[in-house]
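The figures here come from the full heavy-atom set of this structure, side chains too, leaving out hydrogens, waters and symmetry mates.
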Amino acid sequence: MERYEWMAPCHFGMEAVLKREIADLGYEITHVEDGRVTFAGDIEAMVRANIFLRTTERILLKIASFRADTFDELFEGVKALPWERYIPQDGKFWVTKANSVSSKLFSPSDIQRIVKKAMVERLKQTYHTSWFEESGASYPLRISIIKDIVTIGLDTTGESLHKRGYRKFTAPAPVTETLAAAILLLSPWKADRLLVDPFCGSGTIPIEAAMIGMDMAPGMNRAFTAENWNNLVQKKQWYAALEEANDRLKEDAELHIQGYDISDEALHMARANAKLAEVDGKIHWQRRDIKDFSNPKKYGFVITNPPYGERLAMKEEMFSLYQTIGQAMAANDTWSYFLLSGYEDAVRALAAGGAPAKATKNRKIYNGMMKTYLYQYMGPRPPRRKESKENG
């Protein structure tokens, strides 16, 4: 089977998590850069990546990379590519997004126009026609120009992969599904350990945790642009991947996941979203303030996205909130805490409440255009279970 290069964009700072996911699917990583992992594989690799990967936004078929300092060079570079290998005569093709960083070509609209024109000229020669109805399947392209290097990708996904299909209701300042999954996969949390999100909002982190615990493929209940690419992908390849997803699903998984919030409206949204995700029986939802956080069990995990500016107006309120979180951390000191926050004084405020003076590790993550940090406070390892218990 023919091998291609596939590009998988992700949140800046989460490349290592995505790299591990791709490797676990069995594919060779060819390049890792800020916000993107490239891997090699056949068409089946693209199908499985769309259905199984939790932390990428989309899967792009890498068409080419080349240098272009002028629009003439861009035109000639695009025109020289074998577009007929990818786009049939009735295909609908356009540049859905173009971005440029530190490059001489910087106008997105001009880049889009030149690329489309060059593609038309190439396909005119191949199909011996002067007009394309574009009445068939869609073949959207994405162009990235970084330091004058043009990279062209054909978008196999369509609507971003963070849209799993379950989040019909959202609270203010939600964390995306892909970022929630990345934080969970970055942590040592496993499905047999207790997990609490005390600021659950519309429920994304607990829902993603339940999906991970059940080995539920995030893309098994949605559609993809490449499903209609009959010239490149066979229907049976999609059916095979979905059958694999169903075989892997552990509907009887015993999970210990809890979501708290002080808003009844948020909890209503979280329950509705969990039902749409088909994980509603796996999560316990409760109205509870962070100041009342306590749990008799040891060695649990708090993985959460607390407020950090959007929902609280005064900095004094913010410091007080994080101080209260620190008090909860001190009272449950065998637990591990993963807090995603853009509050610049988070560590000092947490320490004022009794949390350790420094996080075990800080990881910078761009949540959209906002710089945030994942503050990781690792608790002690739980004692090993006795071998006799492990063996049943």
**Message:** Can you list everything that forms a side chain to side chain donor-acceptor pair (under 3.5 Å) with E251? Sequence neighbours excluded, please.
**Reply:** none

**Fill in**
Note: with side-chain heavy atoms under 4.5 Å as the link, the other cluster members for Y366 come out as F12

**Prompt:** Do the side chains of W6 and V233 join up, straight or via other hydrophobic residues, at under 4.5 Å, putting them in one cluster?
**Reply:** yes

**Item:** Criterion side-chain contact (heavy atoms from CB on, under 4.5 Å) on V101 and I145, from CA distance to verdict
**Value:** CA-CA 6 Å; V101 178; I145 307 180; over 6 Å; no

**Asked** If you count the non-hydrogen atoms of other residues, nucleotides and ligands that lie under 6.0 Å from CD in E254, is the total more than 12?
**Response** no

**Complete:** Rounding to 0.5 Å, atoms OG1 (T304) and CG (L340) come to a distance of 9.0 Å

**Request:** Say whether S65 and T151, considering side chains only, have a donor N or O and an acceptor N or O under 3.5 Å apart.
**Result:** yes

**Message:** The criterion is side chain to side chain donor-acceptor pair (under 3.5 Å); which residues satisfy it with R222, sequence neighbours excluded?
**Reply:** none

**Asked** Crowded around Q125 CD? As in, over 12 foreign heavy atoms under 6.0 Å?
**Response** yes

**Prompt:** Quick one: do the N231 and Y139 side chains pair a donor with an acceptor below 3.5 Å?
**Reply:** yes

**Message:** The test is side chain to side chain donor-acceptor pair (under 3.5 Å); show your working for N50 and T157 and say whether it passes.
**Reply:** CA-CA 7 Å; N50 270 304; T157 302; 2.7 Å; yes

**Request:** Quickly, which of R54, R167, R164 forms a salt bridge (Lys or Arg N to Asp or Glu O under 4.0 Å) with E177? Name it, please.
**Result:** R167

**Message:** If you count heavy atoms of other groups shown closer than 6.0 angstrom to NZ of K79, is the number above 12?
**Reply:** yes

Donor-acceptor contacts, no H, no angles, side chain residues 238-249, under 3.5 Å, sequence neighbours left out:
{"from": "E244", "atom 1": "OE1", "to": "R48", "atom 2": "NE", "distance (Å)": "3.0"}
{"from": "E244", "atom 1": "OE2", "to": "R48", "atom 2": "NH2", "distance (Å)": "2.9"}
{"from": "N246", "atom 1": "ND2", "to": "L242", "atom 2": "O", "distance (Å)": "3.1"}
{"from": "R248", "atom 1": "NE", "to": "D215", "atom 2": "OD2", "distance (Å)": "3.3"}
{"from": "R248", "atom 1": "NH2", "to": "D215", "atom 2": "OD1", "distance (Å)": "3.2"}

**Message:** Are more than 12 heavy atoms, taken from residues, nucleotides or ligands other than H268, located less than 6.0 Å from that residue's NE2 atom?
**Reply:** no

**Prompt:** Is there a donor-acceptor contact under 3.5 Å from the side chain of R58 to the main chain of D155?
**Reply:** no

**Asked** Among side-chain atoms of T372 and N367, is any donor-acceptor pair under 3.5 angstrom?
**Response** no

**Gap separating the CG atom of L74 from the CZ atom of R113, nearest 0.5 angstrom** = 10.0 Å

**Message:** Go through it in stages, so that I can follow the logic: the residues are T176 and H11, the test is side chain to side chain donor-acceptor pair (under 3.5 Å), and I'd like the CA-CA distance, side-chain angles, deciding distance and then a yes or no.
**Reply:** CA-CA 10 Å; T176 66; H11 284 274; 3.3 Å; yes

**Message:** Donor-acceptor check, side chain of W189 to backbone of S336, threshold 3.5 angstrom: yes or no?
**Reply:** no

**Fill in**
Residues joined to L60 in its hydrophobic cluster, side chain to side chain under 4.5 Å directly or through other members, sorted by chain and number, are M7

**Asked** OH of Y127: more than 12 outside heavy atoms within 6.0 angstrom?
**Response** yes

**Request:** Could you tell me which residues satisfy side chain to side chain donor-acceptor pair (under 3.5 Å) with S202, sequence neighbours excluded, listed by chain and number?
**Result:** none

**Item:** Spatial distance of atom CD1 (I205) from atom CD1 (I257) [nearest 0.5 Å]
**Value:** 11.5 Å

**Message:** Once salt bridge (charged side-chain N to carboxylate O under 4.0 Å, His left out) is applied, do any residues pair with D69, and if so which ones, sequence neighbours excluded?
**Reply:** R67, K104

**From OH (Y27) to CD (E44), nearest 0.5 Å** = 5.0 Å

**side chain to side chain donor-acceptor pair (under 3.5 Å) involving R142 - partner list, sequence neighbours excluded** = none

**Request:** In plain terms, say whether K19 and E33 are close enough for a salt bridge, that is, a side-chain N and a carboxylate O under 4.0 Å apart.
**Result:** no

**Request:** Name all residues meeting the salt bridge (charged side-chain N to carboxylate O under 4.0 Å, His left out) criterion together with K163; count only those two or more places apart in sequence or in a different chain, and write none if there are none.
**Result:** E159

**Asked** Going by atom types alone, do E208 and Y166 pair a side-chain donor with an acceptor below 3.5 Å?
**Response** yes

**Request:** With rounding to the nearest 0.5 Å, note down the distance linking OG in S107 to CD1 in I114.
**Result:** 9.5 Å

**Residues R363, E15; criterion salt bridge (charged side-chain N to carboxylate O under 4.0 Å, His left out); working and verdict** = CA-CA 12 Å; R363 181 182 292 261; E15 298 82 5; over 6 Å; no

**Message:** Atom CD of residue position E121 - does it have more than 12 heavy atoms of other residues, nucleotides or ligands inside 6.0 Å?
**Reply:** yes

**Request:** For atom NZ of K235, decide whether the heavy atoms of other residues, nucleotides or ligands shown that lie under 6.0 angstrom number more than 12.
**Result:** yes

**Prompt:** Given the side-chain rings of F224 and W229, with only the six-membered ring counted for Trp, is the space between their centroids under 6.0 Å?
**Reply:** no

**Item:** D292 backbone acceptor or donor facing D289 side chain under 3.5 Å
**Value:** no

**Item:** Basic-acidic side-chain contact under 4.0 Å: R271, D280
**Value:** no

**Asked** Is there a donor-acceptor contact under 3.5 Å linking the side chains of T360 and Q376?
**Response** no

**Asked** Around I149, counting heavy atoms of other residues, nucleotides and ligands shown, do more than 12 lie under 6.0 Å from its CD1?
**Response** yes

**Message:** Distance check, rounded to the nearest 0.5 Å: I22 atom CD1 versus E28 atom CD?
**Reply:** 11.5 Å

**Request:** Report the C-alpha separation of R287 and D261 in whole Å, then their side-chain angles, then the decisive distance to 0.1 Å, and conclude whether the salt bridge (charged side-chain N to carboxylate O under 4.0 Å, His left out) test is met.
**Result:** CA-CA 5 Å; R287 188 179 190 278; D261 207 282; over 6 Å; no

**Asked** Does the side-chain contact (heavy atoms from CB on, under 4.5 Å) test come out yes or no for L195 and I303, once each step is laid out?
**Response** CA-CA 7 Å; L195 185 149; I303 301 180; 3.7 Å; yes

**Prompt:** Given the rule in the side chain to side chain donor-acceptor pair (under 3.5 Å) test, do T38 and T30 qualify, once you have shown the distances and angles that lead to the verdict?
**Reply:** CA-CA 6 Å; T38 303; T30 58; 4.9 Å; no

**Asked** What orientation do Y86 and W83 show, parallel under 30°, tilted 30 to 60°, or perpendicular over 60°?
**Response** perpendicular

**Message:** E76: which residues meet the salt bridge (charged side-chain N to carboxylate O under 4.0 Å, His left out) condition with it, sequence neighbours left out?
**Reply:** none

**Working for side-chain contact (heavy atoms from CB on, under 4.5 Å), residues K282 and M214** = CA-CA 9 Å; K282 304 295 182 181; M214 295 170 67; 3.8 Å; yes

For residues 318-326, which side-chain N or O atoms pair as donor and acceptor with protein atoms under 3.5 Å away, sequence neighbours left out?
{"from": "Y322", "atom 1": "OH", "to": "P307", "atom 2": "O", "distance (Å)": "2.7"}
{"from": "Y322", "atom 1": "OH", "to": "S341", "atom 2": "OG", "distance (Å)": "2.6"}
{"from": "T324", "atom 1": "OG1", "to": "S320", "atom 2": "O", "distance (Å)": "2.9"}

**Complete:** In short, side-chain hydrogen bond (donor to acceptor under 3.5 Å, both in side chains) pairs touching residues 87-99 with sequence neighbours left out are none

**Item:** Under 3.5 Å: donor-acceptor pair, side chain of S187, backbone of L184
**Value:** yes

